Amino acid sequence: MDRQRKTARRINAVIFTLLMLGLDSALAATPPQAGIATAHPLATRAGLEILAQGGNAFDAAVAVTAMLAVVEPTGSGLGGGGFWLLHRAGDGFETLLDGRETAPQAAHRDMYLGSDGEVIKGLSIDGPLAAGIPGIPAGMTHLAEHYGRLSLAHSLAPAIRQAREGFAVSEHYRRMATFRLAALRASPAAAALFLQDNEIPPEGYQIRQPELADTLEAIARQGHDGFYRGPVAKKLVDGVRSAGGIWTLPDLTSYRVIEREPIRARYRSPHGEMRITSAAPPSSGGITLATTLNILSGYNLDAQDSVTRKHLIIEAMRRAYRDRAVYLGDPDFTRIPVERLLHPYYADGLRAAIRPDRALPSDYLPGVETGPKGRDTTHFSILDRAGNRVAATLTINYPFGSGFVAPGTGVLLNDEMDDFSARPGTPNVYGLVGGEANAIAPGKRPLSSMSPSFLQTEHGVAVVGTPGGSRIISMLVLAALDFATGGDARSMVGLPRFHHQYLPDVVHYETAALSEDEVAELELRGHTLREFTQGWGNMQVVVWDKKHAVVSAAADPRVEGEAATQ
Ligand code: GLY
């Protein structure tokens, strides 16, 4: 049965690729320009530098990943993990590089519970016990070795240079460091790197990271082994263990990137069909995005009044996020009913129970498990002149991750263990609940919401993604609906956002997303709403409009990213 399913999925993937190539060949074969959008101007420039030196999108992705590890310690880094979604123009091959962190071998299901069975607050968030085994160094080296044109050392050079020269503290950095001040102060190596005399540094202060430059140089010289074996690995393990963590050298030497078949779906609307390619488990992104859009494919959203349109989107999100909580986890440890969750008939069933005039309380959805649940993370999008694409979402989870730097490495460790269900039914820092499928086990990858995606219509293609913890997927839903109705890179990143994640049973919204009348009307339909006066997300989009032969790129106006074409 499994073999039949796998064969069916492979056939679907081949048909999808052929359809994509058919669509591509009917329109412009290669983009007139390259485009890059990242969360930091220095990372965008590093990517452009590598493209100008003859690198392809995959080399540029290595350079951007490494540069973000240096200049955006709030979002990602060598101590974190992530997903790189790749499209190779030459043959249409697409794959997801899964560089998600793994739980150390000494991890166990109840490691964050006290003797009373309750979750010990902060244990899966602050300090080295919160850290999974990092995947970003393995992802970068895999990307360079299997897909790049330039050497790994070449693509890492801009980041190594920047780590030594330093980067300027920004207002965003100060805000995030203030939020994580206690965790940073608890790690002397982190405080020395990211604070000034144990306080938040002023804007413009230069953060120099010579030990991180040395670690990047070890990776440049020795590839994967430069991080996962030898002196760097030993310093990481010694540092973690001496501060109460549980890593061992075999945890590092056994770490591997996994190439996975991406999740594919279609959204149908009066504007035509949009194809979606997105992250597979252990990310929940692709499946939850697909379920939401499958449900919405059954409506003509253009024909609805604005309140009903938003109500239907919220109700679709509620049901898709509920499935996330119940079914999703690391596919190497838990059986996920992927075919069922992606099937249009399944979405038909979910849609049939949606009332246009009334919200369904989340408690009424069957099969809810009560037991276990971003503020940060980063995303970049790249398109090169050959048409190769990379959508990458990378993370150390919380801003500045666990706040712990392993002495002598410059590596800031993640707190990705919090993305497991510490106790099935208990919410995590994003308020997400999870089930048995996402319980902690040695070597397992925690469930993620990261959703690097490609969207393709008859007019063109968008490379898209964003940080934002549990809200990542709802942001992708709204951006995808915008692209399907003719939106461009700028409109997608600027859209006012609203979000529902099944539990808590609350609609969060940015001020501009709902008018006062819409709020009142949604309340009448049974929704509970909570306004966010500060925005969320940091979406980065590159769009290749094939019909008009134009490439555009846009960085989210809410934060400090930069987008460019060349
Ligand atoms: N740490 C955020 C995520 O993976 O979804």
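Reckoned from all heavy atoms, side chains included, excluding hydrogens, waters and symmetry mates. All values derive from a computational prediction rather than experimental measurement.
- Aromatic pair Tyr205/Phe167: ring centres not closer than 6.0 Å.
- The side-chain hydrogen bond (donor to acceptor under 3.5 Å, both in side chains) search around Asp482 returns Ser491, not counting sequence neighbours.
- For the side-chain hydrogen bond (donor to acceptor under 3.5 Å, both in side chains) condition, the pairs that include at least one residue of residues 179-201, sequence neighbours left out, are Asp126-Arg180, Arg185-Glu199.
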Residues Arg260, Asp98; criterion salt bridge (charged side-chain N to carboxylate O under 4.0 Å, His left out); working and verdict: CA-CA 7 Å; Arg260 299 190 189 271; Asp98 169 1; 2.8 Å; yes

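- A donor-acceptor distance shorter than 3.5 angstrom exists from the side chain of Asn414 to the backbone of Gly79, with no hydrogens or angles considered.
- Within 6.0 Å of atom CZ in Arg558, more than 12 heavy atoms from other residues, nucleotides or ligands are found, so the atom counts as buried in its surroundings.
- Under the side-chain hydrogen bond (donor to acceptor under 3.5 Å, both in side chains) criterion, no residue pair touches residues 127-138, with sequence neighbours excluded.
- Judged purely by atom type and a 3.5 angstrom limit, Asp384 uses its side chain to pair as donor or acceptor with the backbone of Gly387.
- Between Phe380 and His40, the ring centre distance reaches or exceeds 6.0 Å.
- Glu49 is linked by a side-chain hydrogen bond (donor to acceptor under 3.5 Å, both in side chains) to Arg161, counting only residues two or more places apart in sequence or in another chain.
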Under 3.5 Å, which donor-acceptor pairs do the side chains of residues 213-226 form with other protein atoms, sequence neighbours left out?
unit_1 : atom_1 : unit_2 : atom_2 : d
Asp214 : OD1    : Arg164 : NH2    : 2.8
Thr215 : OG1    : Glu211 : O      : 3.2
Thr215 : OG1    : Thr409 : O      : 2.8
Glu217 : OE1    : Arg164 : NH2    : 2.9
Glu217 : OE2    : Arg164 : NH2    : 3.4

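- Remark: the Trp84 side chain and the Thr65 side chain contain an N/O donor-acceptor pair separated by less than 3.5 Å.
- No donor-acceptor pair under 3.5 Å is formed between the side chain of Asn538 and the backbone N or O of Pro467.
- Partners of Arg175 according to the side-chain hydrogen bond (donor to acceptor under 3.5 Å, both in side chains) rule, which considers only residues two or more places apart in sequence or in another chain, are Glu171.
- The aromatic ring centres of Phe179 and Tyr398 sit less than 6.0 Å apart.
- Without hydrogens or angle criteria, Arg100 side chain to Leu447 main chain gives a donor-acceptor distance under 3.5 Å.
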